[in-house]
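Fair warning: this is a prediction, and the values are worked out from it, not measured in the lab.
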Amino acid sequence: MATDIDIKRENNRLNDSKKYQIIKERLQERGVDVKDIAEITYDLQKPYVPQITMELCLDHVDRVMMKREVQHAVLTGLELDILAEKKMISEPLASMLLGDYGLYGIDEIMALSIVNVYGTIGLTNFGYVDKLKPGIMKKLDDLGKKKGKCNTFLDDIVGAIAAAAASSIAHKFAN
Ligand code: MG
């Protein structure tokens, strides 16, 4: 029988592409497709990179999601949303998460761990989408307001991945 240590070793050994598959599936289970993320990236970079395509955006979203820091943030944030929905988080945190309390702020901090990988441009791109909540971000935000639903971390994570992918494209096409 596998011991806790065996399981721990096995999980650490899971390579980045395997974890990429896992987070892709987890996001899908929470109603987010990589295409939804790529659409935000497209709109962010279109003014600066006229030759941009959805394919390019999808490629950079994939690159972002292959990064370990990003995978860890996605796994942690999604887990907290799900635990809040299952009523497995104690007070006062439970009410803050289920109510998406505006001054909580840890969801944005977790999102920063994603965009940090791409420097200052990642930061400003994230600030922009966090305010505007384009596309899927608005949908997730609205859905999270329904009773018993929690998307407190998810909307920021999605925005951060999109912003990071936009920054990755910006770096590639910088002249
Ligand atoms: Mg949030």
Qualifying residues under side-chain hydrogen bond (donor to acceptor under 3.5 Å, both in side chains), relative to Glu25, sequence neighbours excluded = none

Side-chain donor-acceptor contact under 3.5 Å, Ser95 with Glu91 = yes

Would you say Leu78 and Leu80 are hydrophobically clustered, going by side-chain heavy atoms of ILVMFWY under 4.5 Å?
-> yes

Determine whether more than 12 heavy atoms belonging to other residues, nucleotides or ligands lie under 6.0 Å from atom NZ of Lys133.
-> yes

Of all heavy-atom pairs linking Leu154 and Asp81, the shortest is N-OD2, 2.9 Å

Nearest-0.5 Å distance that lies between atom CG in Leu27 and atom CE in Met65 | 5.5 Å

Within one Ile-Leu-Val-Met-Phe-Trp-Tyr cluster: Val70 and Leu75, side-chain cutoff 4.5 Å = yes

Met96 with Leu98, same ILVMFWY side-chain cluster at under 4.5 Å | no

Please examine the side chains of Tyr20 and Asp62, heavy atoms only from C-beta on, and report whether any two atoms are closer than 4.5 Å.
-> yes

Verify the cluster assignment for Leu58 and Val74: are they in a single hydrophobic cluster under the rule of side-chain heavy atoms below 4.5 Å apart?
-> yes

Are Leu132 and Ile121 in one and the same hydrophobic cluster, where Ile, Leu, Val, Met, Phe, Trp and Tyr link if side-chain heavy atoms are under 4.5 Å apart?
-> no

Find the distance between CD (Glu39) and CG (Leu44) and round it off to the nearest 0.5 Å.
-> 12.0 Å

What is the distance from atom CG of Leu123 to atom OG1 of Thr120, rounded to the nearest 0.5 Å?
-> 7.0 Å

Please tell me if the side chains of Lys19 and Met66 come closer than 4.5 Å, counting only heavy atoms from C-beta onward.
-> no

Which pair of heavy atoms, one from Asp33 and one from Gln28, lies closest together, and at what distance?
-> OD1-NE2, 2.5 Å

Thinking salt bridges, do Glu85 and Arg30 make one under a 4.0 Å N-O criterion?
-> yes

Distance (rounded to the nearest 0.5 Å) between Ile22 CD1 and Ser17 OG = 10.0 Å

Mark yes when over 12 heavy atoms from residues, nucleotides or ligands other than Arg26 sit less than 6.0 Å from its CZ; otherwise mark no.
-> no

Is there a side-chain contact between Asp100 and Asp107, using heavy atoms and a 4.5 Å cut-off?
-> yes

Minimum side-chain heavy-atom gap Gln51-Val49 below 4.5 Å = yes

So do the side chains of Phe153 and Leu97 get within less than 4.5 Å of each other, counting heavy atoms only?
-> yes

Would you sort out whether Phe173 and Leu56 count as a side chain to side chain contact (heavy atoms under 4.5 Å, CB included), showing the intermediate values?
-> CA-CA 12 Å; Phe173 288 91; Leu56 180 82; 3.7 Å; yes

So which heavy atom on Ile40 is nearest to which on Met137, and how close?
-> CD1-CG, 3.8 Å

Let me know which of Asp155, Asp36, Ile157 forms a side chain to side chain contact (heavy atoms under 4.5 Å, CB included) with Leu140.
-> Asp155

Please answer whether the main-chain N or O of Ser113 pairs with a side-chain N or O of Glu69 as donor and acceptor at a distance below 3.5 Å.
-> no

Roughly how far apart are Thr41 OG1 and Asp59 CG, rounded to 0.5 Å?
-> 11.5 Å

Crowded around Tyr128 OH? As in, over 12 foreign heavy atoms under 6.0 Å?
-> no

If you look only at distance, which donor and acceptor atoms sit under 3.5 Å apart when one is on a side chain in residues 161-172 and the other is two or more places apart or in another chain?
{"residue": "Ser167", "atom": "OG", "partner": "Gly122", "partner atom": "N", "Å": "3.4"}
{"residue": "Ser167", "atom": "OG", "partner": "Asn125", "partner atom": "ND2", "Å": "3.1"}
{"residue": "Ser167", "atom": "OG", "partner": "Ala163", "partner atom": "O", "Å": "2.7"}
{"residue": "Ser168", "atom": "OG", "partner": "His60", "partner atom": "ND1", "Å": "2.6"}
{"residue": "His171", "atom": "NE2", "partner": "Tyr118", "partner atom": "O", "Å": "3.3"}

What one should report as the nearest heavy-atom pair of Ala73 and Met110 is O-SD, 3.5 Å

Lys46 side-chain N/O to Pro50 backbone N/O, donor-acceptor pair under 3.5 Å = yes

About how many Å separate CD1 of Ile82 and CD of Glu79, when rounded to the nearest 0.5 Å?
-> 5.5 Å

Does some side-chain heavy atom of Lys145 sit less than 4.5 Å from a side-chain heavy atom of Asp142?
-> yes

Sorted by chain and residue number, the side-chain contact (heavy atoms from CB on, under 4.5 Å) partners of Ala111 (sequence neighbours excluded) come out as Phe126, Asp156, Ala160

Taking all non-hydrogen atoms of both residues, which atom of Tyr42 and which atom of Ile52 are closest, and how far apart?
-> CE1-CG2, 3.6 Å

